[in-house]
Amino acid sequence: MTGILLYLVFFLIVTLIYSIVVMGLNLQWGYTGLFNAGVVAFYAIGAYGTAVLMGPDRSTLIGGFGLPFPIALIGGMAAAGLGALIVGLAALRLRDDYLAIATFGIAISVQLVALNFEGLTGGAQGLIGLPRPLFSMFDSPNGFNLFYLGFVACMAALVYLALQTALGSPWGRLLKAVREDETAAASLGKNPAMVRLQAFVLGCTLMGLAGGLYVGFIGFVSPLDFLPILTFQIWAMLIVGGSGNTKGAFVGAFAVWGLWSVSGMAVSKLLPVQFQSQGGAIQTMLIGLLIVLTLLFRPRGLIGESETISRHAN
Amino acid sequence: MKKLLLSSICALGAMTGSAMAQDCEIAFGSVLSLTGPNAAIGKAIGDAGQLAVDQFNEAGGAAGCKVRYVLRDDQGQPNVGVDAAKSLVEIDGSPVILGSIASGVTLPILTSVAVPAKVTQISCCSSAPSLTELAAEGGTDGLWFRTLPTSRPQGIVMATLAHEAGLKTMAIVYVNSDYGVGLARDFKEAFEKLGGTVSQMIAYNEQQPSYRVEVNAALQGEPEAMFLVAFPADGATVAREWISFGGSSKLYLSNAMRADEFVHAVGADILVDAVGIDNAQISGESVSSFDAAWEKRFGSAPNGPGLHTMYDATAVALLAMEKAGKPNGRAIADNIRTVTGGEGEVILPGVEGFTRAKQLVAENKPFTYVGATGPITFDANGDVNGPYLIWGVKDGKLTTIDTWDIPRVDAATAAIEK
């Protein structure tokens, strides 16, 4: 029984980290209608930024500043935000599928830079031996996991509350206005380009935060952590959870990542021994099937977008 | 509703409780890429682990229990692999993790699951030097092993050869990939420890029409010879240009260039002074014993990467658990060097060998497992050495000049490390 609980703590840490990414994407797609297909790029920048700032000093590497985790985390976020600003200024003039193609290309480029800029990122070898915050304070690794769950949960709650406040404000309505009809928003004297840039940078900064939290938890980072498939997984979480609703980020991350792990467990438990090595393929099909079914029966996601109606309308 | 939930949880608990009382079972967890970029080789590697577990169960199980092989897919993704490993350790209670294939999946499993939970991890297929580095720093807590030789002994053997030939300054030209970078670095470290000097270390990118710039840079400082880490086609271009710009004909060549196309492309007459290295094909009773068992089970020869190393990874873990007498990760890691490494009666792969090993454990006598990859000795970082052959070109043909068996490789490694 304790085993299941220990696993659950581990699982929830990962889920909450993903839910922060999904909240970032929700801000971009769910509220502002920006098709960001390069989620993993900003997640990677945050992760590498944090890793380089807090990693131990090594003769072969440029980085390794050994800074405390919170400072490294903020640095990683800042790096992701800065990256988003540059990308945003260049690419946000593109619409819909064009933006998707551009951001997807950026994600691939970031991964290639991570693979080749050996002096900074360790190349294909990755960065090893990254310290975990306050790890030595705990007698057992389980104590650390519990602490880290608390920390990640606080961060996720903070992000949630901040987003709810921001999205409930006039600025939040402005995002939706730009999503629904840019020309109309512009005719009201708003600057849609600025709004899009704000949403893009803020969302990407959140992705960077999640990347840093991931590194702090795993203690290792390599280019393999940032394959394009992760972008797909995050999108699946957003769609299944319900885009345009911040609560949906939690539901989606929990449901999709849960589906990923539970299907793996179920396949390895239920399949007869001689078919074990076919299990992987069955698991992948199962995941696809369940996502399709969810979308068929709940096309707007598990929690749909809440309607925005004026208080005065009746 | 709450009551229903509570009672069903209780019923579940009771069920697992009674299941445990009836027959004891130890889960042996494996995380491999069954789908994703390594899917083509992953499935067969999974089968190799299954074969070892089945044979051990036929011999009567390990640590007094049946062993249940639980295979999980990492889909080639670190996040999926880590999650699978964590659930194997915490929910299935596996004392070991066998895997994974890609180093980028193996490393996060090691740092975030195996080491914190004190579980032994053995990989069949991850070759990254950073794993050795992490072990040397103490980051693996002695829980990490792999049954696949790294490029390090290859670099050491070549450096020793160059040193024995009386060379003092050498240039290194290498392909810019993790294989090339790793091997070049290993060679440089070993050659300098032996008192030599590396005058230039030049990386080249693959598939260029010419490497004049790289070769000219490598010629700076008048090296007496060149160590070339390359694949045949580009390697031939580099070697030809090296000679035509007046470089020494003493070429030291890495394993991938042991190919006829390389000799033809460069010209056999130019390569008379060249020496190369390659992994020696291991043969012997222990290897054929595994090959025969595989053919009997799957109806084809065990051709493909990782099969022999995965079988040995599983067998070594099972033998160590039998020796330890309990499914405990730390105890298994502590016993891995006891059941390999050369002391006592030789145990071969297969039901017969495992039965004999169990007897010897019961009698508290020493034994040593000689596996599908031949004799296995794990060094302090959990790495193994393999045998090598030294090749050259004679009468226009590739010939084997010398062979380095494992004790000789070990001796050379020890000479570098001291």
Side-chain angles (χ1 to χ4, degrees), chain A residues 1-11 14 18 56 58 60 116 118 122-130 132 135 140-142 144-145 214 217-227 229-230 233 257 260-262 264-265 267-269 271 273-274 276-284, chain B residues 13 16 29-30 32-36 39 42-47 50 53-54 68-80 82-84 86-93 102-105 107-108 110-113 115-118 128-131 133-134 137 139 176-178 181-182:
Chain A
M1 203 61 204
T2 49
I4 296 178
L5 281 178
L6 290 177
Y7 172 73
L8 211 61
V9 168
F10 195 91
F11 171 81
V14 178
Y18 287 148
R58 279 177 211 281
T60 49
N116 285 290
E118 216 168 289
Q125 309 287 339
L127 294 171
I128 57 166
L130 303 173
R132 270 164 279 192
F135 192 69
S140 76
N142 299 327
F144 167 76
N145 282 1
Y214 175 77
F217 179 52
I218 302 284
F220 169 74
V221 63
S222 87
L224 207 60
D225 287 312
F226 309 108
L227 296 174
I229 177 124
L230 190 62
Q233 283 165 334
W257 194 239
W260 236 275
S261 26
V262 169
M265 267 181 257
V267 162
S268 75
K269 284 263 185 317
L271 270 192
V273 168
Q274 63 268 34
Q276 284 274 322
S277 52
Q278 270 87 4
I282 295 174
Q283 187 197 350
T284 311
Chain B
T16 49
S30 177
L32 297 169
S33 301
L34 303 175
T35 56
K43 185 192 162 299
I45 294 172
D47 287 338
Q50 180 82 58
V53 169
D54 287 351
R68 186 166 56 91
Y69 182 64
V70 190
L71 181 58
R72 291 286 301 269
D73 184 15
D74 64 33
Q75 305 177 349
Q77 287 179 263
N79 55 353
V80 179
V82 164
D83 183 78
K86 187 68 181 173
S87 85
L88 283 172
V89 170
E90 301 297 358
I91 295 181
D92 297 297
S103 302
V105 181
L107 259 160
L110 185 64
T111 56
S112 70
V113 180
V115 173
K118 296 189 174 51
S130 44
L131 285 157
E133 202 182 323
L134 189 67
E137 283 175 6
N176 194 7
S177 69
D178 64 331
V181 175

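Naming convention: chains lettered A, B, ... in sequence-line order (proteins, then strands); numbering from 1 in each chain.
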Top contributor to chain B contacts, counting heavy-atom pairs under 4.5 Å, from A/Tyr214, A/Trp257, A/Phe144: A/Trp257
Contacting moiety of A/Asn145, where chain B heavy atoms sit under 4.5 Å: side chain
By side chain to side chain donor-acceptor pair (under 3.5 Å) - contacts of B/Asp54 (at least two apart): B/Gln50, B/Arg297
Check: B/Asp83/A/Tyr7 side-chain N/O donor and acceptor closer than 3.5 Å: yes
Closest non-hydrogen atom pair between A/Leu227 and B/Gln77, with its separation: CD1-CG, 4.5 Å
Which portion of B/Asp74 sits near chain A, non-hydrogen atoms under 4.5 angstrom: neither
Spacing of B/Thr111 atom OG1 and A/Leu130 atom CG [to the nearest 0.5 Å]: 8.5 Å
Minimum-distance pair of heavy atoms, taken over all atoms of A/Pro141 and B/Pro116: CG-O, 2.7 Å
Inter-residue atom distance B/Leu34.CG - A/Gln283.CD, 0.5 Å rounding: 9.0 Å
Partner residues of A/Phe10 under the ring pair (Phe, Tyr, Trp, His ring centres under 6.0 Å) criterion, sequence neighbours left out: A/Phe217
Segment of B/Ala102 engaging chain A (4.5 angstrom heavy-atom cut-off): side chain
Heavy-atom contact with chain B under 4.5 Å, split by part of A/Phe226: neither
Atom group of A/Ile218 that falls short of 4.5 Å from chain B, counting heavy atoms: both
Validation row: B/Asp92, A/Lys269 side chains within 4.5 angstrom (heavy atoms): yes
Non-hydrogen side-chain atoms of B/Glu90 and A/Ile4 separated by less than 4.5 Å: no
Chain A contact via B/Val115 - side chain, backbone, both or neither, heavy atoms under 4.5 Å: neither
A/Gln233 vs B/Val80 side-chain heavy atoms within contact, under 4.5 Å: yes
Approximate separation, where rounding is to 0.5 Å, of A/Ser268 OG and B/Asp73 CG: 11.0 Å
Winner by heavy-atom pair count (cut-off under 4.5 Å) against chain A, out of B/Ala84, B/Ser87, B/Ala44: B/Ser87
B/Asn79 vs A/Asp225 side-chain heavy atoms within contact, under 4.5 Å: no
Side chain / backbone / both / neither for B/Val105 at chain A, heavy atoms under 4.5 Å: both
Heavy-atom closest pair, residues A/Ser222 and B/Gly104: OG-CA, 3.9 Å
Closest non-hydrogen atom pair between B/Ile91 and A/Gly3, with its separation: CG1-O, 4.4 Å
Pairs of heavy atoms under 4.5 Å with chain A: top-ranked of B/Ser33, B/Ala117, B/Pro108: B/Pro108
Engaged part of B/Thr35 at the chain A interface, taking heavy atoms whose separation is under 4.5 Å: side chain
Most contacts with chain A, counted as non-hydrogen pairs under 4.5 angstrom, among B/Arg68, B/Glu137, B/Arg72: B/Arg72
Non-hydrogen side-chain atoms of B/Lys86 and A/Phe11 separated by less than 4.5 Å: no
Non-hydrogen side-chain atoms of B/Leu134 and A/Phe220 separated by less than 4.5 Å: no
